Amino acid sequence: MSEPVQTPELFDKIVNLCKRRGFVFPSAEIYGGFRSTYDYGPVGVLLLRNVKDAWWRSMVQLRHDIVGLDASILGPPQIWEASGHLTNFTDPLVDCKECQSRWRLDKLDDPNLCPNCGSRNSFTEPRAFNLMFKTHAGPMEDSAAVAYLRPETAQGMFINFANVLNTSRKKPPFGIAQIGKSFRNEITPGNFVFRTREFEQMEMEFFVRPDEAQHWYEYWCATRFQWYLDHGMPESQLRLRPHEADELSHYSSGTSDVEFRFPWGWDELEGIANRGDYDLTQHARSSGERLEYFDQATNERYVPHVIEPAAGATRTAMAFLMAAYDEEEVKGETRVVLRLHHRIAPFKVAVLPLSKKPELTGPAQEVLALLQPHFMCDYDETQAIGRRYRRQDELGTPFCITFDFDSVDDRAVTVRERDSMAQERIGIDALVGHLCDRLT
Ligand code: GAP
């Protein structure tokens, strides 16, 4: 089993596979596409959901100290005034006076050279471009109706801090987790779903005593890094990189990024930030509400500090595909296989009757019905069995179940494992238990 080397060619193959197999389609494609937005197809929606479920499972389900939240996407300007986004959430934008192309200055290799027309010193003075999408809530398009689409899910957790504290019986150290869409009017979206204007985040705000913040920062850096390894990312393609002082966001006293080795170099999947008491203090000041914790045991009142692991779901789903992609020679042919961790794989099991004859498809669908309450299953009765196996390999399906003519008499099926292609005969009565042992 080889480890994929991330190259531009491999990236093209992933983009192609995503379209061909129904992972990701360009949005509004029949109208020529729409500005780096993407739709997740029948297989992609399962992949993305599995990434989010795997995160939720480890962050909420398997812990007693983190609770969930689903806050609204639309918010009033006061939130973004207090959070600092109205002032600070900007990128430096320059225009080339020769060819009128537009660039993000901090992302240019040479800040004096236009990558489009090659002109030197042709850029306008940089201007701060705010990345938030502005809209109006209600029928009047006046300033009183201004609202913003959230550029991060995080603020929903801060503004609900008191609500959660008062209703959940949690006390620091405790966290609030949320998965949802965020929107940023990126100047230079690109690299497929890596940087888009509409994307999904998986964020958790962990509220701690100020004197314990460093301990929890280190804890979350290690825990989040391990999550990617536990879900099948090779360690050689991951690293944890502490930010330099001049990279830190306006709220952060320390940030480390979990980075993946993309074809264009190391780039961010997740940031773990020590946000101090910045957010609760800002929202308390702005709203007039007390956002603190009173510890009855010690008679202490304090503003908790926050450690925030903030990951991108859409970006991480793409990285899982890139890390899992493999090609190998099998009987003189190239087999493409996604060696996805079973928790991330879109389908866990595919049921394949050997032929389309009703004496096989009928009972094969009974096997399907037996498995569906336990696993996300695919069912396919078209084409030769070898081609159907290859299709499932490309989707990353860990197990294929073949119902053949012997199955009618011996009530057993062939179970084929994706990575080794090993096959074994399992009685239908034992099938659910057999697969549960391997898929949980
Ligand atoms: N609350 C902190 C925060 O939002 P961030 O580093 O700006 O931090 C967190 O975003 C994660 O969200 C990133 O590590 C990345 O995975 C994802 N992300 C950010 N901008 C994105 C974009 N334009 N497209 C896709 N994913 C994005």
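Whatever order the structure lists ligands and atoms in, that order sets their numbers, starting from 1. Because the structure is a prediction, the values reported are computed rather than measured. Worth knowing before you read on, the calculation uses all heavy atoms, side chains too, and leaves out hydrogens, waters and symmetry mates.
Figure legend: cation-pi geometry between R224 and W227, with NZ or CZ positioned under 6.0 Å from the six-membered ring centre and within 45° of its axis.
In this structure, Y148 has its ring center no closer than 6.0 Å to that of F133.
Which parts of ligand 1 touch A154 is read off a 4.0 Å heavy-atom cut-off, strictly below it: atoms 1 (N). Within ligand 1, the atoms closer than 4.0 Å to a non-hydrogen atom of E308 are 1 (N), 2 (C), numbered from 1 in the order shown. When each atom of ligand 1 is checked for a heavy atom of E203 under 4.0 Å away, the hits are 1 (N), 2 (C), 3 (C), 4 (O). Residue Y251 has at least one heavy-atom neighbour below 4.0 Å for each of these atoms of ligand 1: 2 (C). Remark: ligand 1 atoms within the under-4.0 Å shell around heavy atoms of E152 are 1 (N), 2 (C), 3 (C), 4 (O).
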Run the salt bridge (charged side-chain N to carboxylate O under 4.0 Å, His left out) check on R104 and D106 step by step: do they pass? CA-CA 6 Å; R104 200 176 136 180; D106 59 330; 2.9 Å; yes

I'd like to know whether R418 forms a salt bridge (charged side-chain N to carboxylate O under 4.0 Å, His left out) with E394, so could you lay out the CA-CA distance, the side-chain angles of the two residues, the decisive distance to 0.1 Å, and finally the verdict. CA-CA 10 Å; R418 177 195 67 200; E394 280 198 329; over 6 Å; no

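Distance alone, capped at 3.5 Å, is enough to place a donor-acceptor pair between the T196 side chain and the E198 backbone. Formation of a donor-acceptor pair under 3.5 Å by the D110 side chain with backbone atoms of N112 is found in this model. No side-chain donor-acceptor contact under 3.5 Å links N50 to the backbone of A317.
Given atom 24 (N) of ligand 1, the protein heavy atom at minimum distance is T196 N, 3.0 Å. If you check which protein heavy atom lies closest to atom 9 (C) of ligand 1, you get Q201 NE2, 3.4 Å. Ranking the protein heavy atoms by distance from atom 8 (O) of ligand 1 puts A310 CB, 4.1 Å first. Among protein heavy atoms, atom 19 (C) of ligand 1 sits closest to R184 NH1, 3.5 Å.
Applying the ring pair (Phe, Tyr, Trp, His ring centres under 6.0 Å) test to pairs two or more places apart or on separate chains, those with a residue in residues 9-37 are F11-W264.
Residue contacts with ligand 1: F260 is excluded, as none of its non-hydrogen atoms falls under 4.0 Å. Residue contacts with ligand 1 include R275, since one or more of its heavy atoms lies under 4.0 Å from the ligand.
Contact annotation for L269 and ligand 1: only backbone heavy atoms (N, CA, C, O) come within less than 4.0 Å of the ligand.
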